[in-house]
Each structure stands twice: as structure tokens, then as C-alpha cells.
Amino acid sequence: MMTLTAGEFYESGTFWAAIGAIVALLVGLGAMWATLRARTPRRRRLLYAMSDTSLLQEQLNGRIEVRHTGNLLADPRLVQVRLTNVSRLDISSASFDRNEPIKIKVGRQILELLSVETRPHGAAAPPVTVQGDELHIGPGRLGRRESVTFFVLVEGGPSYSHWHALIDVGFEEEPELSFSTRELKHTVLRVFLSTVVLFLLLLSILGRSK
């Protein structure tokens, strides 16, 4: 079996090819990381998403009824309003100009605020009140990478609009591909781990050749 001395190993084409591959991977990682950082600038960004679900299915043919405080609802809807702070900075109460809340209009009388959920679990939600067909959210803190979802009951199909007076906070609709940044992070991590494994394998080969 042929063995290489340390000097011969360093001079071999295999060694330099491996080094070149590692350098190329590191350069690629740097470019991907720069893209990721560009996608998540330090400016505060708050994403919103609104959706609704009918609580009755047509195929039930009236066999199930939904009532609220004794009143029969012909078209009950569960509306979800989600706010997500995707920036690397907290959004504090001071970001609400003149203490004006974020106003989410659903176009239907809000019968009840059913629940509020936060992610991560246990995070404090900003204060919320119901005013007719609007949710008034804040002023209040929403930590970095935190989200809060409000569940409300309405009668009939909603129509959404919003108003805010946030200072230095971008307020944008949540894109359909909302997990693209997370997927990019996972890709960077996988490539980084592959680079580390390749580097350790190279060191192992070098150590056996001495």
C-alpha cells in the first residue's frame, strides 16, 4: 500500500483540490449569509396576516347550530389576525406615535375576542381592545422574533383593512413564502456542517499520512 509523507501530501493534487473545495464552500457561505443579513435589516419590521374560517360546513345541512349569548349565528366565522416582529429589534410602546394603537378593521361586528396566542409560548402580548368591527392593538411591546395571534368571532364574511401610526416600523403584509428566510438559515447551517466534516476528514487523512 502506497503512503505519502507530510511533504508529499501537501504537494499532492488531492490536497489542493480539497483546499479549493473548502475555500469555495466558505465563499458560498459568506455570500449566502450576506443575503440573509440583507433580508433582515436592523430596521424594525412588523408583518401582519389576516384570515377567516367558517365554523359551519355546507354538508351539515343545519344539523349543527352555533349560538353566541343565545343568538343563533347563520354564518359564524373565526377570524385570525397575526402580527409578527421579524426584525432583530424589539418594538416598544414608544414606537406608537401619540399612543395610537394599531387598528385592524374586519368589516363585521366583532362578537367576541375568543383568545390570544403568542410565540414563543409565554411571551407577553400587547394590550388589545374591541371597538365595533375593529381590533385596537397596543401600545405595547412586541419582542424581536415574537408573534401574537388574535382570534375573534364574527357573523358573515369579513373584509380587512388597517391603520397605524408606528414610528420607524415597517408594517407589511406577510408574504406567502413566509418561511423562506428560515429555510435559507437551515441551508447555510447544512452547508457549514458539511464544510466542517470535510475539513475534519482532511485533517484525519493528513494525520494518518505523517
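Because the structure is a prediction, the values reported are computed rather than measured. The figures here come from the full heavy-atom set of this structure, side chains too, leaving out hydrogens, waters and symmetry mates.
- Val169 and Ile167 fall into different hydrophobic clusters, where Ile, Leu, Val, Met, Phe, Trp and Tyr are joined by side-chain heavy atoms under 4.5 Å apart, directly or via other members.
- Looking only at side-chain heavy atoms (C-beta outward), Leu78 and Leu153 stay at 4.5 Å or farther from each other.
- Here the closest non-hydrogen pair linking Val79 and Pro158 is CG2-CG, 4.1 Å.
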Validation: residues 95-108 side-chain donor-acceptor distances under 3.5 Å, sequence neighbours left out:
from, atom 1, to, atom 2, distance (Å)
Lys105, NZ, Asp133, OD1, 3.2
Lys105, NZ, Asp133, OD2, 3.0
Arg108, NE, Gly157, O, 2.9

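- Using a 4.5 Å heavy-atom cutoff, the side chains of Val148 and Val128 are not in contact.
- Of the possible donor and acceptor atoms, one in the side chain of Glu155 sits under 3.5 Å from a partner among the backbone N and O of Ala74.
- No side-chain donor-acceptor contact under 3.5 Å links Thr149 to the backbone of Arg82.
- For the atom pair CZ (Phe151) and CG (Asp52), the distance works out to 13.0 Å, reported to the nearest 0.5 Å.
- Residues satisfying the side chain to side chain donor-acceptor pair (under 3.5 Å) test with Glu172, not counting sequence neighbours, are Arg45.
- Among residues two or more places apart in sequence or in another chain, the side-chain contact (heavy atoms from CB on, under 4.5 Å) test is passed with Gln131 by Thr129, His136.
- Between the CZ atom of Arg145 and the OG1 atom of Thr84 there is a distance of 11.0 Å, given to the nearest 0.5 Å.
- Gly140 approaches Ser93 most closely through the heavy-atom pair CA-OG, 3.4 Å.
- No side-chain heavy atom of Val81 sits less than 4.5 Å from a side-chain heavy atom of Val152.
- Checked against side-chain contact (heavy atoms from CB on, under 4.5 Å), Ser51 has the following partners two or more places apart in sequence or in another chain: Gln80.
- For Glu112, there are no salt bridge (charged side-chain N to carboxylate O under 4.0 Å, His left out) partners, not counting sequence neighbours.
- Partners of Glu173 under the side-chain contact (heavy atoms from CB on, under 4.5 Å) rule, at least two apart in sequence or in another chain, are Tyr48.
- Among all heavy-atom pairs drawn from Pro139 and Pro127, the shortest one is O-CG, 3.2 Å.
- Across all their heavy atoms, Asp90 and Gly143 have their closest contact at OD1-CA, 3.3 Å.
- Within the 4.5 Å cutoff, the side chain of Leu114 has no heavy atoms near those of the Phe150 side chain.
- Between Leu47 and Pro175, some side-chain heavy-atom pair lies under the 4.5 Å cut-off.
- Judged by distance alone, with hydrogens and angles left aside, the side-chain atoms of Asn85 form a donor-acceptor pair with the main-chain N or O of Leu142 at under 3.5 Å.
- Counting only distance, with no hydrogens or angles, the side chain of Ser87 and the backbone of Leu89 share a donor-acceptor pair below 3.5 Å.
- Ser54 meets the side-chain contact (heavy atoms from CB on, under 4.5 Å) test with Leu56, Asp75, Arg77; sequence neighbours excluded.
- There is a path of hydrophobic side-chain contacts, each under 4.5 Å, that joins Ile64 to Leu111.
- The CE atom of Met50 sits 10.5 Å away from atom OG of Ser159, with the distance rounded to the nearest 0.5 Å.
- Rounding to the nearest 0.5 Å gives a distance of 11.5 Å between NE2 of His162 and CD1 of Ile137.
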With salt bridge (Lys or Arg N to Asp or Glu O under 4.0 Å) as the test, would you mind laying out the steps for Arg67 and Glu65 before giving the verdict? CA-CA 7 Å; Arg67 293 180 180 269; Glu65 295 180 345; 3.3 Å; yes

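- Within the 4.5 Å cutoff, side-chain heavy atoms of Leu46 are placed close to those of Leu166.
- Put simply, Val154 and Val116 are part of the same group of oily side chains (I, L, V, M, F, W, Y) that touch within less than 4.5 Å, one to the next.
- Under a 3.5 Å cut-off, the side chain of Arg141 and the backbone N or O of Ile91 do not form any donor-acceptor pair.
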